[in-house]
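Below is one structure, written out as structure tokens; comments come after it.
The structure presented is a predicted model; accordingly, all values stated were derived computationally and were not measured. Chain identifiers are assigned alphabetically (A, B, ...) following the order of the sequence lines, protein sequences preceding nucleic acid strands; residue numbering begins at 1 within each chain.
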Amino acid sequence: MIMPLIKGLQITISHMFKKPVTLQYPTERPDVKPGFRGLHALNVSHDKAKCVACYLCPTVCPAKCITVEAGEDANHDKYAAKYEIDMLRCIFCGYCVEACPVDAIRMTEQFELANYSRADFTYTKDRLLEKK
Amino acid sequence: MVNLTIDGKQVAVEKDATIYDAAKACGIKIPILCHDKKLHPFGGCRMCLVEVEQMKGRLIPACTTPVTEGMIVQTTTDEIVKARKLVLELLLLKHPIDCPVCDAAGDCDLQNLTYEYKVNMNRFVDEKFNHEIDYENPLIERDMNRCIHCGKCARICDEIVSYGAYTFINRGIEAKMGTEFDGPLNCEFCGSCVSVCPVGALNSRPFKFKARWWALQKTKSVCSYCGTGCQLTLGSKDGKVLTTIYDENQGFHNGQLCTRGRFGYQFVNSDKRLTAPLVRRNGKLQEATWEEALAEVTTRLAAGKSDPASIAALATPRLTNEELFLFGKLFRGTIGTDNIDHSAGYAHEALTKGAVASFGVAASPAEIADVQKSNLLLVVKSDAYETHPVIGFEINLGVKRKGIALRIVSDKKGKLTRLPGAKTTVHAPGNEVALFNALCKSVIDQGLAVEGVAGLDALKAAVADATAEKAGVSAEEIAAIAKEFASAEKALIILPIGQGYPGHNAVLANAAANLAILTGQVGKEGAGLLIMGEKNNSQGAVDMGIYPKGTGLNAAAIIDGCANGNVKTLFVAGENPVVSYPNRKKVEKALENVEFMVVSDLFLTETAAMADVVLPAVSFAEKSGTFTSLGRRVQNVRKAIPAIGLAKSDFEILNTLSQALGGARYNNQGEVFTEIAASVPAYKGLTQAGLKDEGAVYPVALSAKLVPAAAKAAAPAAGKLALVTGSALYHCGTMSRFGEGPMYVCPDAYAELNVADAAALKVEEGDQVTVTSGTGAVQVVAKVGKRVPQGVVFSPYHFGEGSVNTITDGAEVTYVSVAKK
């Protein structure tokens, strides 16, 4: 009767001397591993988003959270006049990154995506553009 | 039949079939890039190489090799796959891999084949082309860097459209698909080249970057412009019609469309669409709810029920059969007025009076398929190409492929005139009836008339004094046409009708029918008279009885009634009398005078702007139903997108009104079609589901009779030019003005003058001219050419500004003076 209790306490006490597995978030930050799929970012090259609005990401997206609208710029080139991701629907599968033929989108290490209103979860092109 | 074996399968095909056709017949797919079933075999791409047992040692192109008895064909061996891969590698050597930004991606033959044959590397290295891309053209974007030199665009433009805008220029590696002097594209803009381009070298500019092909919802429907009834596939996304998609297996025309069918769809999602009902309050049209608007209409119509003669209604033949039937039932049945009409009254007369008198049916005795089955086509007015361009393509094909003789009697020349072997007889304007009477007389005089036709004696008496001189043409020409027509095995008369052609009325239909009946060219395949209704459902409007049957007023009388106060309430469903009925000033005055006018339309047209209540209606893309095209084909129209704004279909509007006024109520438009099938004899046995994709041609029982047609003597006024109205190739009715495509190419009203007249008036192309008649004066842009003969001016009727009905008054020919502004 007493033995199991002692056994249990033994485990409890032994943990008091081990390194804790939990993280004291937010004072402590996790070490994000490579390949982590966090918030998306649109890659920039020559001061322009690399995205050519080919619509492959909205096509492949299983959650249907990406909205793209193509536009024609002054050089008659195709660009994304609108690029929006609805983070509430996104399942962070990374298919968009995999589908992109021009390496225009990647997933960052940013995982803190909480917000106050639904509208704030719509990430527009401006918010997604990689920050220098 | 020829028997052969393809991949172990036995197949029997016609002796003029190629290996490709034979493989297709037994369900084996041979890859192609340069072949199109509508075009002559070309054999340029070498993708369709196959192995033939009897011709071992080399690979044989399947698309150009005719079948022979006992042929043993292999379509996929290792050697063939290797050869096809090589073809693709060589094509990809020059073809840019810009699929992410190319609108053809997803619908690109080269892309699909590259994927299918797993060409993921290239053994060769070369620079890509660096041709200049034509961004200037508002409809067709040409990026010759992507071109794979299949030549389909040049061939379709030459063989079917008969325009010849493209050809290969330069040689060897520098060869490219070029235009006249390598300049900008200046053609009819039918977009046939875009439709057949296997890659993205030719793109539809209005659709550029709008959506990817795979994201489009594809809806098979029927074009809502002219009466040809071309089937088209609407590509829509997010409630917007974004493009028309080419489907080579659609309709008699194999997916071939004209400029307005292919590029004129933007009116559906135009910003100018009405999205809410408008009611006139304190002299101004203001937005209202449907309940308010319909309550007002119901009250007026209910009050008018006690005096049905004071109510009149005009409908556009663009509505579906179901809507028109309900329209007739509401006004004729529930309200009890016979004052209903469509198409200005005169534009359907050729069917409702002409064909009825001559053939005993209010429909054209011939159908579209007869065009290609005929031996001789007699086309009334070269404008048949402009009014019904896809019938024009059929004529082109018939003349060029099958050697059909083409005779044109017209008041001006046109594109048909230039077809090989075509003979055009240019007569003085307004002399069509006199010309047909002269032809009849010549047939009788030459002893070519069929004996024992009903009404022969009456006709003989009536045409006794008809001469070629009265028609303004030479006696030899008349005798030659009469002889050719009578002695042809199968001869067909093609008569376009419409609001632009007041002269193409019942009398002309009788006169033309007389010639066909007199020479025995009726009641057989490929012969007779093809009356081509102007609008998508002109034939349907006639079948549904949208014209006064008893003592009711016709369209012209309704306008007069509005002016003199006899008509107090006018219901207009989609018509735009202010622009399309003769004598604009008179119509405007009449519509101002009428106590209460309701207009249901897609746009705030010139007519709708004068209404007391405007109801927003929907376009053909937002509703289902049926259209009946010329040649009596009933076809399904299918809803592609939800209604824009608060707009409702005319079916919903009429159904609500009908119920409110104590009439019939239907749960859906399908129920109306069931009732049509039960009550309109010609539609007996038809069901919407039974029409499927191809539609059905309803049969007619003809009782041909000769009906004397009295020719009016044209009275040319000295020193004046003869103004003839009609349709422009890029427009149809007044609706195409709201499509961007047609407006890019033909934005303004114009008057076409002969070079000699223009020189005498010191007018040059593009000048503003004032055209004055006894009715009024209008300012339009001058166009100068050799198409119209000296002394004749041509002007299309579609435009709101500079509308030609300001100066016409319903006469066949209006005598005008033209002066530079």
Side-chain angles (χ1 to χ4, degrees), chain A residues 40-86 89-90 93-107 122 124-125 128-130, chain B residues 92 95-108 111-112 114-115 120 128 130-146 184 199-218 235-240 242-243 269 740 744:
Chain A
H40 311 71
L42 291 173
N43 292 338
V44 170
S45 163
H46 297 84
D47 294 329
K48 251 169 59 182
K50 285 170 89 176
C51 175
V52 293
C54 72
Y55 289 76
L56 284 187
C57 46
T59 305
V60 77
C61 179
K64 298 276 162 272
C65 67
I66 309 178
T67 314
V68 184
E69 262 172 39
E72 192 178 354
D73 67 14
N75 297 325
H76 303 284
D77 287 332
K78 200 177 183 185
Y79 77 103
K82 181 179 170 186
Y83 193 102
E84 272 179 21
I85 301 181
D86 182 355
R89 305 204 73 180
C90 180
C93 64
Y95 279 13
C96 46
V97 179
E98 218 172 304
C100 185
V102 291
D103 186 30
I105 189 165
R106 68 189 154 87
M107 293 181 106
T122 305
T124 57
K125 192 178 174 187
L128 289 168
L129 278 177
E130 68 173 340
Chain B
L92 292 169
H95 187 85
I97 313 299
D98 58 355
C99 307
V101 295
C102 174
D103 277 330
D107 187 28
C108 171
Q111 192 185 40
N112 292 344
T114 303
Y115 193 77
N120 36 27
K128 303 283 180 193
N130 193 19
H131 297 307
E132 204 176 314
I133 303 171
D134 178 7
Y135 294 116
E136 302 310 313
N137 193 298
L139 297 175
I140 298 168
E141 184 170 298
R142 291 185 304 129
D143 182 351
M144 285 306 132
N145 300 314
R146 292 179 183 150
V199 291
L202 297 169
N203 275 317
S204 157
R205 187 146 180 87
F207 177 57
K208 192 182 182 189
F209 301 159
K210 287 280 192 308
R212 299 320 296 259
W213 189 82
W214 58 81
L216 292 173
Q217 184 193 328
K218 288 124 191 144
S236 57
K237 194 186 158 212
D238 303 332
K240 278 188 176 173
L242 295 176
T243 187
N269 292 102
E740 288 161 33
Y744 280 133

Requested in this report: Can you establish whether the number of heavy atoms outside A:Lys48 located under 6.0 Å from its atom NZ is more than 12?
Outcome: no
Query raised in the report: Just wondering, more than 12 heavy atoms not from B:Tyr135 lying within 6.0 Å of its OH?
Result: yes
Report summary line: Among residues 50-58 of chain A, those lying within the under-4.5 Å heavy-atom range of chain B are A:Val52, A:Ala53, A:Cys54, A:Tyr55, A:Leu56
Query raised in the report: Among residues 71-79 of chain A, which residues come closer than 4.5 Å to chain B, judged by heavy atom distances?
Result: A:Gly71, A:Glu72, A:Asn75, A:His76, A:Asp77, A:Lys78
**Report entry** More than 12 heavy atoms of other groups within 6.0 Å of B:Lys240 NZ
**Finding:** no
**Report entry** chain A contact via B:Lys208 - which portion, at a heavy-atom distance below 4.5 Å
**Finding:** side chain
